[in-house]
Asks: 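Can you read through this structure? Questions will come right after.
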Amino acid sequence: MMTQGPELETLEAFLESMARLASAVHIVTVRHGGRDYGMTVTAVTSLSTDPVSILLSINRQAAAHDAILATGELGVSTLRPGQSGLARTFAGMTGVCGEARFAEGDWDTGSDGPPVLRDAASMMRCRVLQSHVIGTHRIFACKVEQVVLGHQPHALVYGNRQFGTMAYAED
Ligand SMILES: Cc1cc2nc3c(=O)[nH]c(=O)nc-3n(C[C@H](O)[C@H](O)[C@H](O)COP(=O)(O)O)c2cc1C
C-alpha cells in the first residue's frame, strides 16, 4: 500500500516547528569492521533510569546507520560550546566524509569500542536494546553502559538553524 506523504504546508510547518525546538548537539560514533563512523545528531533523549537508557533517531541513509545495527554498540559525545566546528564536520557540512572526520577533535580511539570525544560535555558508551524503523529513520533504544562527565557542564545547542549556548535566564 502506498503511504501518502504529508501536505507540503504541513511539512513546512513541521520543519519550522522542529527548528524552533532547541536541542543539545551530540556526535554519535560507532566502530565496525575496523572503521570508525561518526555523525552529528540532535535527536537524542533520555528514556529511562531502569535500565539507564536513551533513545536516538538515525536516518537510515546515514553511513553510521548500518554499522550501529551490525555492532549494537555506539558512543554519544555531547558537545560543549566552542565545538560547533566539529558539529559541522560530522554533519557533512564541510564536505569531509568517513574516517577523515576524526582528524578534527581530541578523540579517544584506544579501546575496541566506539571512539568518544575527550573534551566533550559528556561521553557515553551505549548498547542497543531495541530498534524500530519509522519511515526514513530508525529509532534506537540504548542501554547506557558508561558515562564520563567532561569539565564543561553546558552543552552546545542547535535552535532556529544556528549553533549557540543556553543563557538559562529565567523569564
Ligand atoms: C544540528 C544537526 C542535527 C542533526 N541531527 C540528526 C539526527 O538527529 N539524526 C540524523 O539521522 N541526522 C541528523 N543530522 C544529519 C546528519 O548529521 C548528516 O546527515 C550526516 O552527514 C550523516 O552522516 P554521513 O554523511 O556519514 O552519512 C543532523 C545534522 C545537523 C547539522
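One-based numbering, in listed order, for ligands and for the atoms of each.
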Asks: Hey, is the main chain of Gly98 close enough, under 3.5 Å, to the side chain of Arg35 for a donor-acceptor pair?
Replies: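 Checked: no pair found.
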
Asks: Could you tell me whether a side-chain N or O of Arg80 sits under 3.5 Å from a main-chain N or O of His151, the two making a donor and an acceptor?
Replies: no

Asks: Starting from the N and O atoms of ligand 1, find every protein N or O within less than 3.5 Å and list the pair with its distance.
Replies:
| from | atom 1 | to | atom 2 | distance (Å) |
| --- | --- | --- | --- | --- |
| ligand 1 | 5 (N) | Thr42 | N | 3.1 |
| ligand 1 | 5 (N) | Thr42 | OG1 | 3.4 |
| ligand 1 | 8 (O) | Thr42 | N | 3.3 |
| ligand 1 | 8 (O) | Ala43 | N | 2.9 |
| ligand 1 | 9 (N) | Ser57 | O | 3.0 |
| ligand 1 | 11 (O) | Asn59 | N | 2.7 |
| ligand 1 | 14 (N) | Thr40 | O | 3.3 |
| ligand 1 | 17 (O) | Thr40 | O | 2.7 |
| ligand 1 | 21 (O) | Ala91 | O | 3.0 |
| ligand 1 | 25 (O) | Arg101 | NH2 | 2.8 |
| ligand 1 | 26 (O) | Arg101 | NH1 | 2.9 |
| ligand 1 | 27 (O) | Ala63 | N | 2.9 |

Asks: In a table with atom names and distances, give each donor-acceptor pair under 3.5 Å that connects a side chain of residues 152-171 to protein atoms at least two apart or in another chain.
Replies:
| from | atom 1 | to | atom 2 | distance (Å) |
| --- | --- | --- | --- | --- |
| Gln152 | OE1 | His154 | N | 2.9 |
| Arg161 | NH1 | Glu16 | OE1 | 3.0 |
| Arg161 | NH2 | Glu16 | OE1 | 3.4 |

Asks: Heavy-atom count around Gln130 CD within 6.0 Å, excluding the residue itself: above 12?
Replies: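 No, because the 6.0 Å sphere around CD of Gln130 holds 12 heavy atoms or fewer from other groups.
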
Asks: Anything under 30° is parallel, anything over 60° is perpendicular, the rest tilted; go ahead and classify Trp107 against Phe90.
Replies: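 Tilted, since the angle between the ring planes falls between 30° and 60°.
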
Asks: Of the options Leu79, Val116, Thr78, Thr89, which is the one that meets Ile27 in a side chain to side chain contact (heavy atoms under 4.5 Å, CB included)?
Replies: Leu79

